[in-house]
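Worksheet: the structure to be examined is printed underneath.
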Amino acid sequence: MEALNLDYSKVPSSETVKSVRKIDAVDVTKVYSTKKSNFVALDRVSFHVDAHEFVSFVGPSGCGKSSLLRIIAGLEPLTMGNLSISGHEIDGPGADRGMVFQSYTLFPWLSVRENIEFGLTLKGVPLFEKRAISDHFMELVGLNKFAKSLPKELSGGMKQRVAIARALANNPEVMLMDEPFGALDPQTKNSMQELLLRIWEKEKTTVVFITHDIEEAIFLSQRVYVMQAHPGTIRSEIVIPHGLREVEDVKDSEAFVKLKKQVISLIGHHDE
Ligand SMILES: Nc1ncnc2c1ncn2[C@@H]1O[C@H](COP(=O)(O)OP(=O)(O)OP(=O)(O)O)[C@@H](O)[C@H]1O
């Protein structure tokens, strides 16, 4: 993994901040086997995510981002290596991980409230408690006036707000987000990014975020893992300077543009 020569003087050092390890991945390898051949999608990928961190993975198409997220979600087994959440090896999906995908995955026949309450209903949470939780999260994502609406009556951004609320309602330890804003128009995408940051700060969630969009990764994250393909590996880890987001017109700022150029050069110019 390459180290980047950036000024991180404002970033608290690991000695000054006591962090709790949430995800630990060591040499995670994924081989897809077909009748004809074996394909190495991830080759000895090691990384970590601390509690309350916001960490993104960026990289060209096919570098294994979604495979990695599916492995963390327990939807896909790893071939070799170790991956644990809060010290426990992952051996399948669990309520400790909430997922938000790019494609809208709401239940079309359920209202906004029922979608948000879905996991709670499965768990047998009493009605009054369920209502309080869905009220809280509908308020958080600004959809309290749409409690009775069906997904088909919502815009793309609103559907993703429901998906985020639904994932958060189950109080997961980690939110796994696979290109959640990839299908949204630029304006909606910007407002969803702002909303996600507000939620992350308020709920103190741990977020693992996958995106093609380098600006999005730098803007949202505290750390960014840059991946490369053939086979999928982690090329570099970039720590985003603390407080960068507070800079006016941050995406046009010198520090932001410099980071963006560095990520682009790491990924290669063929895929931003
Ligand atoms: N079920 C599967 N069987 C065989 N090969 C697969 C399977 N799933 C993914 N792959 C291959 O593994 C590689 C990594 O795929 P993955 O979807 O994880 O990459 P990605 O970085 O998320 O790509 P994109 O950004 O285009 O979604 C790709 O070459 C893909 O074709």
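Numbering of ligands and ligand atoms starts at 1, following listing order. This one's a predicted model, so the numbers in the text were calculated from it and none came from an experiment.
- Contacts between Ala229 and ligand 1, counted as non-hydrogen atom pairs separated by less than 4.0 Å, are absent for every part of the residue.
- For the pair Arg166 and Phe107, the cation-pi test (distance below 6.0 Å, angle within 45°) is passed.
- Using a 4.0 Å heavy-atom cutoff, Arg70 is listed among the residues neighbouring ligand 1.
- Comment: Asp50 engages Arg21 in a salt bridge, judged by a side-chain N to carboxylate O separation of less than 4.0 angstrom.
- Gly64 counts as a contact of ligand 1, since one of its heavy atoms falls under 4.0 Å from the ligand.
- Partner Glu203 forms a side-chain hydrogen bond (donor to acceptor under 3.5 Å, both in side chains) with one of His136, His52, Arg198 and no other, that one being His136.
- Of the protein's non-hydrogen atoms, Ser66 CB, 3.8 Å is the one closest to atom 17 (O) of ligand 1.
- Ligand 1 has no nitrogen or oxygen under 3.5 angstrom from a nitrogen or oxygen of Thr34.
- Looking at Glu179 next to ligand 1, no N or O pair under 3.5 Å apart turns up.
- Residues Leu110 and Val125 do not share a hydrophobic cluster, defined by chaining ILVMFWY side chains whose heavy atoms lie under 4.5 Å apart.
- Ion pairing of Glu53 with Arg223 is present here, as a side-chain N (NZ or NE/NH1/NH2) and a carboxylate O approach within less than 4.0 Å.
- Annotation: Leu68 places no N or O atom under 3.5 Å from an N or O atom of ligand 1; distance criterion only.
- Phe39 and Tyr32 have their aromatic ring centers separated by at least 6.0 angstrom.
- Contacts between Met227 and ligand 1 below 4.0 angstrom, taking non-hydrogen atoms only, are absent altogether.
- Residues Lys260 and Lys251 form no side-chain contact, since every pair of their non-hydrogen atoms from C-beta on lies 4.5 Å or further apart.
- Heavy-atom proximity to His212, at under 4.0 Å, picks out these atoms of ligand 1: 25 (O).
- Nearest protein heavy-atom neighbour of atom 30 (C) of ligand 1: Phe39 CE2, 4.6 Å.
- Heavy atoms of other residues, nucleotides or ligands lying less than 6.0 angstrom from CD of Glu89 number more than 12.
- The closest protein non-hydrogen atom to atom 16 (P) of ligand 1 is Ser67 OG, 3.7 Å.
- Residue Gly59 places every heavy atom at 4.0 Å or more from ligand 1.
- Residue Gln187 qualifies as open at atom CD: its count of foreign heavy atoms under 6.0 Å is 12 or below.
- In summary, the atoms of ligand 1 found under 4.0 Å from a heavy atom of Pro60, numbered by their order in the structure, are 21 (O).
- Of the protein's non-hydrogen atoms, the one nearest atom 25 (O) of ligand 1 is Lys65 NZ, 2.8 Å.
- Within a 6.0 Å radius of CZ in Arg44, other residues, nucleotides and ligands contribute 12 heavy atoms or fewer.
- On a distance-only criterion, Gly62 and ligand 1 share at least one N/O pair closer than 3.5 Å.
- The pair Glu215-Lys189 does not meet the salt-bridge criterion, since no charged nitrogen lies less than 4.0 angstrom from a carboxylate oxygen.
- Nearest protein heavy-atom neighbour of atom 26 (O) of ligand 1: Ser61 OG, 2.5 Å.
- Scanning the protein heavy atoms around atom 9 (C) of ligand 1, the nearest turns out to be Tyr32 CE1, 3.4 Å.
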